[in-house]
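Read the structure below first, then the notes.
The chains referred to below are lettered A, B, ... by the order of the sequence lines, with proteins before strands, and numbering in each begins at 1.
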Protein chains: 2
Amino acid sequence: MEKVKIPRATAKRLPLYYRYLIILSESGKEKVSSTELSDAVQVDSASIRRDFSYFGALGKRGYGYDVKNLLGFFKKILNQDTLTNVALVGVGNLGHALLNYNFKRSNNIRISCAFDIDKNITGRILSGVPVYDMSELKQQLSDQQISIAVLTVPSLHAQKTADEMFEAGIQGIMNFTPIRISAPANVRVQNVDLATELQTLIYFLDSDKQDH
Amino acid sequence: MEKVKIPRATAKRLPLYYRYLIILSESGKEKVSSTELSDAVQVDSASIRRDFSYFGALGKRGYGYDVKNLLGFFKKILNQDTLTNVALVGVGNLGHALLNYNFKRSNNIRISCAFDIDKNITGRILSGVPVYDMSELKQQLSDQQISIAVLTVPSLHAQKTADEMFEAGIQGIMNFTPIRISAPANVRVQNVDLATELQTLIYFLDSDKQDH
DNA sequence: TCATTTATGTGCATGAATGAACAAATAGAA
DNA sequence: TTCTATTTGTTCATTCATGCACATAAATGA
């Protein structure tokens, strides 16, 4: 499926639209307007229309968007018609929770293998997912054709582990450690920094308070 | 401590700076330049300097920034000199993992109480944190003077639960559910959407591939 | 003391993202 | 068929964020 060059901000919103389209579709709705969608996803309606328009004229004036059409379209755009397997590196508290997290329902993603160095965990199957020793990383990623991994190891091992992952051919990392890992130019790293997010929330709350 | 009006983007980076300053301080470093910091946090050095300059001239030309000074300054700016207690609503897989997550070490944050509706969990202490029934929400938040909560309930209960939280006086929510909850104007909601982040990463990887 | 190096603080140009506003087109009612 | 209400697709102005580039100032060494 050929893809259009779209702004980063738009790309980030696509999965959000997709999820709400599923909800609409399941509740039997046939059409939806950008205003309705705007209420649900909390994005300005003009932005929604522009986002959609990057892919061509998907709607009808005076009517709105056909839910089924739109859903089918986004399914292809987001590669939701095929299952994407990802790896999990580091089966601690957070890693364990992610193993149980259902990425499959509204996104077609599955954690299909996990890695750790703790001999008490490796060689077993946790929440339906086999846990391998780190030494098997390269082999397994190659066998299962996995190019994306979730990184949930302790901060201290973050960079070292990431280097092993690059070596094993990983193309994208969702980094849950608070360390900003340095990566080769061709690898994409998405940082999810829980403590920082919470800290930022606190900061904004305090400054809200002082505005009055 | 009176605060300066600073851009949103800067505010989001402050906790990141703070964390690296701690690391630098612990490793015994006395001074740091914006260029050095830039390598570590992966933010342009000019941006770092501008971020710092919102708070006045904190550095010395030809020298850099004094780590101890800077650290002390940010500690106050970010309210890190006092412990911030937050609540956790929904003790499922993810909630449980967050209970074990150490927000205290580099950020001075602690989950001091949790809430759920499952009678098998409520009334017990998990990972050192007491778990109450949802009916006790208002009372406990008031008793413990908590205004911030982490929301990790199933999607289906997200809005309903959030409404209860507003009723109980919550001011800020870190929302881990994929639902965009609607909230009163005076409440801040920070969305952390794991599946969407992963989906976005996959999208960008695919489009990277097609660029060549 | 003086020259050189280092590194800050900021002006400026560029680019991205947003949301208001509106013309064009369609739906649906009369 | 005709008219009105609706809703898209897009233009435009504005705001926000970024990073280059450089004047300014301090530190260091000769």
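- The shortest side-chain heavy-atom distance between B:N108 and B:L78 does not fall under the 4.5 Å cut-off.
- For the pair B:L16 and A:R180, the minimum side-chain heavy-atom distance is below 4.5 Å.
- In this structure, B:R8 is positioned above the aromatic face of A:F204, its NZ or CZ under 6.0 Å from the six-membered ring centre and within 45° of the axis.
- Between B:A9 and B:R49, the residue whose closest nucleotide on DNA chain D is further toward the 5' end is B:A9.
- The two residues A:I181 and B:Q42 come nearest to each other via the heavy atoms O-NE2, 2.9 Å.
- Contact annotation for B:A46: base contact, defined as any heavy-atom pair under 4.0 Å involving a base atom.
- Taking a heavy-atom distance under 4.0 Å as the criterion, the stretch of DNA chain C touched by chain A extends 5' to 3' from C:dA17 to C:dA27.
- Within 4.0 Å (heavy atoms only), A:T35 reaches no atom of the nucleic acid at all.
- In summary, contact between chain A and DNA chain D, defined as any nucleotide atom under 4.0 Å from a heavy atom of the protein, begins and ends at D:dT6 to D:dC12 in the 5' to 3' direction.
- The shortest distance between side-chain heavy atoms of B:D163 and B:E167 does not fall below 4.5 Å.
- Heavy atoms of B:Y65 sit under 4.0 angstrom from primed sugar atoms or phosphate atoms, though from no base atom.
- Residue B:L58 is the one, among A:R50 and B:L58, whose nearest nucleotide of DNA chain C lies closer to the 5' end (criterion: closest heavy atom).
- Annotation: side chain of B:L94 is in contact with side chain of A:L94 (closest heavy-atom distance under 4.5 Å).
- Nearest-nucleotide positions on DNA chain C place B:S34 closer to the 5' end than the other of B:S34 and A:Y63.
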Trace of the side-chain hydrogen bond (donor to acceptor under 3.5 Å, both in side chains) decision for B:N85 with B:Q144: CA-CA 8 Å; B:N85 287 318; B:Q144 305 194 33; 5.4 Å; no
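- Looking at heavy atoms from C-beta onward, A:D193 lies in side-chain contact with B:R19 at the 4.5 angstrom threshold.
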